[in-house]
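Structure first, commentary second.
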Amino acid sequence: MNRLAGLLAAAFAFFGMAPAAASEAVDLLVRHAAIVDVASGTVTADRAIAVRGDRILAVGADAAIAARYSAARIVDASGAFAMPGLWDMHVHFGGGDTLVAENRALIPIYLAYGITTVRDCAGDLPQEVLRWRDETAAGTLLGPRIFTSGPKLEGLHPIWHGTIEVDSPAAVDAALDRLQAMRVDFIKITDNTLRPEIFLYAAQAAHRRGLRVSAHTPYALTIEAAARAGLSAVEHLDYMIKAGSPREAEIAADYAAGRLTYAQAGARLRESFDPAYAAASYRRLAALGIAVTPTLNMTRIIAWLNEEDHSHDEGLALIGPGLRATYDWRVGRAAHWTPEEVASRRRDYQLSLRILPMLRDAGIPILAGTDAGYLNSFNYPGQGLHDELARYVEAGLTPAQALRTATITGPDFMGVAAHYGALAAGRTADIVLLDANPLADIAATRRIRTVVTRGRVLDRAALDSILAEARAVASR
Ligand SMILES: [Zn+2]
């Protein structure tokens, strides 16, 4: 190398540039996108994203990136807003062995709605979900990244199928051994028949093993007691009504002693909810590191279940007849509600709308999650997350705050924040291109032009064919 060439090479290296002639090959360039930075709530116009394999290699001004990289596949994102792929932190797969194929058919639907990661919170097909997790990771099944709890922990003879029943510390230890051998991503606990002291033991034991714990918290315990034991996330915002009552401990003790039924305890907790007490209680829970998955849209759907007609819902045509039949359970129960029950459920929804911004103000991480899958009537895989985000904005979150619950808090919770949550060098190439700005109107998340999942491009035609295939399978 002569002296001049050497100096030039050194200068290019120093300024981080490469000569135009030596443009570097990548797999994908997304050009002329307006990039939504969810963390700061800002948009930067005319950017390009260079992707190699399943990772983002570089992001920058379009002209600079285009000069530096060349790609076989170029997506022109002129007029589009690019944001990180969405996360649904509470889904289910289940409904029994006869519904394995219908559940598997749900998986690509999530991608068609821009959801590139889901967290499965247990059902009755745990072995299948573990297999689908590995297949989507290997690329042999088209779908989002799946995190799963595997089978959840319960007490003896619960209403739920597919659980691990535990009634002693030794049984909990054995169950956690089994779950770790399955390489589950977190632990799910529900309390249909689980004894409160076993719940506390399970939360402590899982926490000691470094596992995250999501749960339905027993009425006999305060949320703070569960948090101190090692609970990581409260599933369903209704449990935060309980944490907002100054009488929580006393009502919990009365319920534990059999002096109150579940319904009576619930009514007293709601009646005694106190906003000032709740704000302080939520700050204490935030300091203990508790996150909350609100599933607010589920509360909304249920509260109006007795009178709303869902027969023409777009999402209904995408799921199979067996899954649709699991919806009948709740619909049948709603038909028998008294006017008082209907009024109480609607008050609960209104109270939940008030609580959500209080959680935000207390600094509790909010994990966007739907409860979609089976049993939970008209709460659809894919579409449900967009409905959930709309509820958050209805409750008073800004669109940017709502987007964070579906892009940043989930990766934080799962311990993979460095790989997701932003369109930046080194992050996973999960990208959603929208036709409108979601920071201006959260409904823009529904206007999906293209989804990139781990570097693989699904344009609108590909997304529509996923939906057409789902409709065809569902109508067979
Ligand atoms: Zn659930």
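Just the heavy atoms: all of them, side chains too, but no hydrogens, waters or symmetry mates, feed the values below. In this text, all values refer to a predicted model and were calculated from it rather than measured experimentally. Counting from 1, the numbers follow the sequence of the chain as shown. Order of listing sets the numbers, starting from 1, for every ligand and every atom in it.
- T445 and H386 share a side-chain donor-acceptor pair at under 3.5 Å.
- A heavy-atom distance below 4.5 Å is found between the side chains of T136 and I107.
- D120 approaches F186 most closely through the heavy-atom pair O-CZ, 3.3 Å.
- Around the Zn ion (ligand 1), protein N, O or S atoms at less than 2.8 Å comprise H90 NE2, H92 NE2, D371 OD1.
- Every residue two or more places apart in sequence or in another chain that forms a side chain to side chain donor-acceptor pair (under 3.5 Å) with R133 is listed here: D185.
- With hydrogens and angles left out, the side-chain atoms of S214 and E235 include a donor and acceptor closer than 3.5 Å.
- At a threshold of 4.5 Å between non-hydrogen side-chain atoms, the residues I290 and L231 count as touching.
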